[in-house]
Amino acid sequence: MCMRMAPLLLLTVMSLLPTIISANGSSTAENEMTHLHFFFHDVVSGRNATAVTIIGPVTSPAGTGTGTFFGLVRMIDDLLTEGPEPTSQAVGRAQGFYAAADLAEVAFLQPMNLVFTAGKYNGSVLTVQGRNAPLHNMREMPVVGGSGLFRFARGYAQAHTHTFFANGDAIVEYDVYVKHFSQN
Ligand SMILES: *[C@@H]1O[C@H](CO)[C@@H](O)[C@H](O)[C@H]1NC(C)=O
Ligand SMILES: *[C@@H]1O[C@H](CO)[C@@H](O)[C@H](O)[C@H]1NC(C)=O
Ligand SMILES: *[C@@H]1O[C@H](CO)[C@@H](O)[C@H](O)[C@H]1NC(C)=O
């Protein structure tokens, strides 16, 4: 009977993560909610480009996908800053790629690590993986994990284009809300 109860107990403990359950059953850590606000600089033009096309767009056998850049993949190491100007205080880099994955509209699969390089979060990383349809005013992508101060992170990132330049460069405003382990 005791043996049959074990999987149920395990599930109960797992559902309480990221609260640590010590041997005597008391909580030793709590969840923390953090809101991060910064600007993402997607520079595709010029010698200082930080978003570089590694695979060009394709056309599907049925001829769809032209106009939505289907198949385009750009590797990014984009600067993150406190304010909208690229010269404003740097807070990190967005490292990953965006890949046009929709035949009907411009929408990217966007897996990336937000690598923080300033202040309290210097050295901590948030991992984002989601759908980014850049022509929409507000996009939402899940935060699927993190490291450093962001261990056990779960949450979402909201992206809103602040400025889109004729040369294809863009400044995107991000609001990221994450629940993670409190490690003070
Ligand atoms: C539970 O264990 C922790 C650390 O092992 C200890 O500090 C705490 O006093 C214990 N709580 C109770 C109610 O026994
Ligand atoms: C590239 O960056 C350097 C250093 O910030 C700057 O001096 C130069 O003007 C930039 N070049 C272009 C093409 O934007
Ligand atoms: C961030 O951490 C690295 C490595 O510990 C350190 O070299 C760097 O000076 C730190 N940057 C800031 C802005 O604190």
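Each ligand, and each atom within it, is numbered from 1 in the order the structure gives. Note that the structure is a prediction, hence the values are computed from the model and not measured.
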Shortest protein contact, [atom] (heavy atom only):
{"atom": "atom 9 (O) of ligand 2", "answer": "Asn48 ND2, 4.7 Å"}
{"atom": "atom 6 (C) of ligand 3", "answer": "Asn122 ND2, 4.2 Å"}
{"atom": "atom 13 (C) of ligand 3", "answer": "Thr117 O, 3.4 Å"}

Would Tyr177 and Leu36 count as a side chain to side chain contact (heavy atoms under 4.5 Å, CB included) if you check the C-alpha gap in whole Å, the side-chain angles of each, and the deciding distance to 0.1 Å?
-> CA-CA 7 Å; Tyr177 298 87; Leu36 300 161; over 6 Å; no

According to the interplanar angle, ranging from 0 to 90°, do the rings of Phe38 and Tyr174 count as parallel (below 30°), tilted (30 to 60°) or perpendicular (above 60°)?
-> parallel

Derivation of the ring pair (Phe, Tyr, Trp, His ring centres under 6.0 Å) call for Phe164 and His162 = CA-CA 7 Å; Phe164 185 73; His162 178 271; over 10 Å; no

Full working for side chain to side chain contact (heavy atoms under 4.5 Å, CB included) between Ile76 and Phe40 | CA-CA 11 Å; Ile76 62 170; Phe40 167 110; 3.9 Å; yes

Check whether any protein heavy atom sits under 4.0 Å from atom 2 (O) of ligand 3.
-> yes

